[in-house]
Amino acid sequence: MTECYIRVAEDENEEPMEIPSEEDGTVLLSTVAAQFPGACGLRYRSPVSQCMRGVRLVEGVLHAPESDWGNLVYVVNYPKDNKRKMDEMDAASAVKIKRGVQKTSDLIVLGLPWKTTEQDLKDYFSTFGEVIMVQVKRDAKTGNSKGFGFVRFTDYETQIKVMSQRHMIDGRWCDCKLPNSKYFLEQAGPDEPMRSRKVFVGRCTEDMTADELRQFFMQYGEVTDVFIPKPFRAFAFVTFADDQVAQSLCGEDLIIKGTSVHISNAEPKHNNIHHLFSNFPGRSPSLAAMFERSQYQFPSSHV
DNA sequence: GTTGAGCGTT
């Protein structure tokens, strides 16, 4: 194999640039990096398998996949892309494993028509997945529905799906949420370290609305809450339905409306219980009091 | 016999 030029591009569809090889036919990573700063390797689409394949890299030297480099277009690898992809793969595989053991919880169903029965609930929610419990709360004396109930699914992914949308049941829009009694458990079991579903979004600008943040972060997964402190404090909290999504974003710098925001773990910076509860918009303010009482009842609480 | 934000008699 002799000296030649190989075709390298940022992306499969980008216009390739010709990069010189060494006399022995290898290509130095440093040569690639001279044209594509930050490059850490090359990949290409195999004409046979139609899959992307990595180019062998030994101590800064890239080796041709076959007897020569051929006429293929080689695509540049960057550390950030790799990290991103690795995170997503880790998340995906972890989710597969986790989903099997991920405990489901009862969901409260708000806004039920007075006439809706448990059979109606069962019939409706069974279209999403296997239902293992339904309840309609009724007045003990009259038997009249109180207009809300509970539902529990076998699979956690069904629960996530059901929580992510509104439901038209017997002619009324209903919401399915985590009940307050379960809200702080965050689905974490005793042997499973709690991973926050909430991320801290730093360097926010004042023109970013909660809706815009929601629209933006939707691309990564179901967003269950967006909280922007008032008055403006240059940060926000975004909560995802899936903790794996939240975790995979931590450490990233993302561009929103042309400005770079920083994502990090939403760790409580202080133990002031009222500040803590202020991060749960839409929840009753009396939750703090309720929670304080529960601390007395259960001193060795997990929270 | 009514109603429409919320939080689970057993």
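Quick note on labels: first sequence line is chain A, next is B, and so on, each numbered from 1. Computation of the quantities below employed the complete heavy-atom set of this structure, encompassing side-chain atoms and omitting hydrogens, waters and symmetry-equivalent molecules.
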Could you give the [atom1]-to-[atom2] distance, from [X] to [N], as a whole number of Å?
X: A:L112; N: B:dG6; atom1: CG; atom2: P; value: 16 Å
X: A:L110; N: B:dG6; atom1: CG; atom2: C1'; value: 5 Å
X: A:D139; N: B:dT10; atom1: CG; atom2: P; value: 15 Å
X: A:R152; N: B:dC7; atom1: CZ; atom2: P; value: 20 Å
X: A:R166; N: B:dG4; atom1: CZ; atom2: C1'; value: 12 Å
X: A:R138; N: B:dT9; atom1: CZ; atom2: C1'; value: 14 Å

For A:M133 and A:G147, take the nucleotide of DNA chain B holding the closest heavy atom to each; which residue's nucleotide lies nearer the 5' end?
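Checking each residue's closest nucleotide, the 5'-ward one belongs to A:G147.
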Which residue lies more 5' along DNA chain B, comparing A:S145 with A:A140 via nearest heavy atoms:
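Its nearest nucleotide being more 5', the pick is A:S145.
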Is it true that A:S260 and A:R203 share a donor-acceptor pair across their side chains at a distance under 3.5 Å?
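On atom types as modelled, these side chains qualify, holding a pair under 3.5 Å.
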For residues A:E130 and A:T158, is any side-chain donor paired with an opposing acceptor at under 3.5 Å?
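No, A:T158 and A:E130 have no side-chain donor paired with an acceptor closer than 3.5 Å.
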With sugar-phosphate meaning primed atoms plus P, OP1 and OP2, does A:L107 contact a base, only sugar-phosphate, or nothing at under 4.0 Å between heavy atoms?
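Nothing: the residue A:L107, judged by heavy atoms under 4.0 Å, touches no strand.
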Aromatic plane relationship, A:F150 with A:F148 - under 30° parallel, 30 to 60° tilted, over 60° perpendicular
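Because their plane-to-plane angle is over 60°, the rings of A:F148 and A:F150 count as perpendicular.
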If the plane angle is over 60° it's perpendicular, under 30° parallel, otherwise tilted; pick one for A:F217 and A:Y220.
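A:F217 and A:Y220: tilted rings.
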Please pick, from [options], the nucleotide with the shortest atom-to-atom distance to any side-chain atom of [X].
X: A:K146; options: B:dG6, B:dT3, B:dC7; answer: B:dG6
X: A:Q135; options: B:dC7, B:dG8, B:dT3; answer: B:dG8
X: A:R172; options: B:dT9, B:dG4, B:dG8; answer: B:dG4

Can A:F148 be said to stack with the base of B:dG8, given centres closer than 5.5 angstrom and planes under 30 degrees apart?
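Stacking between A:F148 and B:dG8: absent.
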Is a side-chain N or O of A:E18 found less than 3.5 angstrom from the main chain of A:I6, in a donor-acceptor match?
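Judged by distance alone, no pair lies under 3.5 Å.
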Strictly below 4.0 Å: does A:K137 bring a side-chain N or O up to OP1 or OP2 of B:dC7?
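No, outside the criterion.
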Is there a donor N/O on one and an acceptor N/O on the other, under 3.5 Å, for the side chain of A:N180 and the base of B:dG6?
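No such pair is found, so the answer is no.
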